[in-house]
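Whatever order the structure lists them in is the order used to number ligands and atoms, beginning at 1.
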Amino acid sequence: MYDLTRKIQEWITESGIENGFVTVTSQHTTTALSINENEERLIEDIKAFLERLIPADDRYLHNDIHLRDCPPDEPENAHSHLAALLLGSSEVVPLAEGKLVLGQWQSIMLYELDGPRTRKVAVQVYGE
Ligand code: ZN
């Protein structure tokens with residue numbers, strides 16, 4: 001999990017936009033993006049929760065690589081897609097006086113569910 005809050009705040013400051021909102025969107029089907037607390041033990045709880053709920057070694061149709069039209073080295077990652085489905089892929093955060101409007105313990109977290117790989121996140125700032 002990666003805390004993107006500081007980097008996104010830096011981009012907002014560079015943009016010069018003071019009031020409006022920001023959209024943050026993961027551009028992948030096996031990552032997730034959502035607001036939560038960046039706390040070491042909670043992160044371990046989230047990992048354990050997802051592993052209990054969506055075991056990687058369960059039977060998934062998406063993992064029948066030989067039956068799909070895809071490269072033979074395609075990973076068996078159905079559990080990653082399902083976790084991404086649960087956690088979501090985007091957030092909209094208000095922007096006031098040049099700052100993200102987040103609660104004290106809220107961070108914009110990117111969840112790597114099938115990596116590590118190079119990932120892209122789209123950030124768009126709207127306002128004036
Ligand atoms: Zn897949």
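A salt bridge does not link R41 with E44: every distance from a Lys NZ or Arg NE/NH1/NH2 to an Asp or Glu carboxylate oxygen is 4.0 Å or more. Looking at R59 and D64, a side-chain N of the basic residue comes within less than 4.0 Å of a carboxylate O on the acidic one, giving a salt bridge.
Residue pairs satisfying the ring-ring contact (aromatic ring centres under 6.0 Å, His included) criterion with at least one member in residues 93-128, sequence neighbours excluded, are listed as follows: F21-Y126.
If you chain together ILVMFWY residues whose side-chain heavy atoms come under 4.5 Å of each other, I65 ends up in a group of its own.
E97 meets the salt bridge (Lys or Arg N to Asp or Glu O under 4.0 Å) test with no other residue; sequence neighbours excluded.
Taking distances strictly below 2.8 Å, the protein N/O/S atoms close to the Zn ion (ligand 1) are H62 NE2, N77 OD1, H81 NE2.
Within a 6.0 Å sphere centred on CZ of R117, other residues, nucleotides and ligands contribute more than 12 heavy atoms.
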